Amino acid sequence: MGDKEVGNYSDVTDFILVGFRVRPEYHSLLFLLFLLVYGVLLVGNISMMTIIVTDSQLNTPMYFFLGNLSFIDLVYSTVIAPKAMITFLSEKKTISFVGCVAQFFLFVLFIVTEGFLLAAMAYDRFIAICNPLLYSIHMSRRLCALLVAGSYFCGWVTSLLQVNVTFSVSFCASRAIDHFYCDSYQIEKISCSDLTVNKMVSLCLAVFIILPTIVVILLSYIYIVSAVLKMPSNEGRKKAFSTCSSHLGVVSVFYGTASFVYFIPPNNPELQKVASVFYILITPMLNPLVYSLRNKDVKQALRKMLG
């Protein structure tokens, strides 16, 4: 790297987003692919929110959570996709220091909030199947609002802590982030500071904030499967599983793609970028499709709105 012109982070005014290391003629193709997926994502999630808000029959806890899920998917994809598309076509592939901090803060805020929201939706399905007679009492509007507000609060706390430790470092002469957005791992790679505190904070956040959401989801589905298998009729079991299949599919895709990124060897950044596309664009695009194609209430509301 040559002489390391180490300076405090306040001396850095911008970063360079390297993006995908492909031949220049493929940048236009990447732009079109991102634009296509992002367009479908916008239409799908905005339509889902509109249907839930306008149809009174969907005024239930499950659809309240689903509307928030669509909003979160829409926002955290919008935080990254438009800037990435601009970078593909621009010769000046830079992002300001403030812009990088804002992008990273919002992305972590909404991606962590989605994890907590998926846990709340798993709890909702657990109550609906294991305690159906008490569902309206347990899943009151107040509790649903508190679960959503708590999800945003946990996302905000996680994001604030992660931003503070990620950007309170000194950077080397290189300002090139080897990604198409401000990724924490790639930002730390161009740091000249001791990252022990960063790693400890990330580990604590994973153990005390992110891990509990996975535990809640797993426990909820253990009880759900146990309750469904005890049902006497095949029709009852089929109906119970159908109410959970959409959520389980979304959870599997969300955690599967996010986990895959961290299992990829650090020496293969291009594969990490491809995997990131899945949980930044593909998963938010698929979520409304999964819920609309497998949900008769949503399909009926959509026909009513279009009719």
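All values below come from the heavy atoms of this structure, side chains included, with hydrogens, waters and symmetry mates left out. Each residue takes its place number in the sequence, starting with 1. Values in this document were obtained by computation on a predicted structure and should not be read as measured data.
By the criterion of side-chain heavy atoms lying less than 4.5 angstrom apart, applied directly or through intervening Ile, Leu, Val, Met, Phe, Trp or Tyr residues, F104 is not grouped with V18; the two fall into different hydrophobic clusters.
Y123 and H138 share no side-chain donor-acceptor pair at under 3.5 Å. Residues D124 and Y135 bring a donor and an acceptor atom of their side chains to less than 3.5 Å of each other. Remark: the E188 side chain and the T166 side chain contain no N/O donor-acceptor pair separated by less than 3.5 Å.
Of all heavy-atom pairs between V108 and S159, the closest is CG1-CA, 3.6 Å.
If you run side-chain hydrogen bond (donor to acceptor under 3.5 Å, both in side chains) between D73 and each of N287, T283, T78, N68, only N287 comes through. Of the options L289, L286, L281, a side chain to side chain contact (heavy atoms under 4.5 Å, CB included) to L41 is made by L281 and by none of the others.
Between F254 and Y279, a ring centre-to-centre spacing not shorter than 6.0 Å is recorded. The six-membered or imidazole ring of F20 lies away from that of Y26, with a centre-to-centre distance of 6.0 Å or more.
Between F15 and F171, the ring planes are perpendicular. Angles over 60° get that label, and only those under 30° would be called parallel.
Sparse packing is recorded around CZ of F278, with 12 or fewer heavy atoms of other residues, nucleotides or ligands lying under 6.0 Å away.
No side-chain heavy atom of V112 sits under 4.5 Å from any side-chain heavy atom of Q162.
In this structure, D183 does not pair ionically with K273, as no charged nitrogen and carboxylate oxygen lie closer than 4.0 Å. Taking the charged nitrogens against the carboxylate oxygens, D178 and K189 have no contact shorter than 4.0 Å, which rules out a salt bridge.
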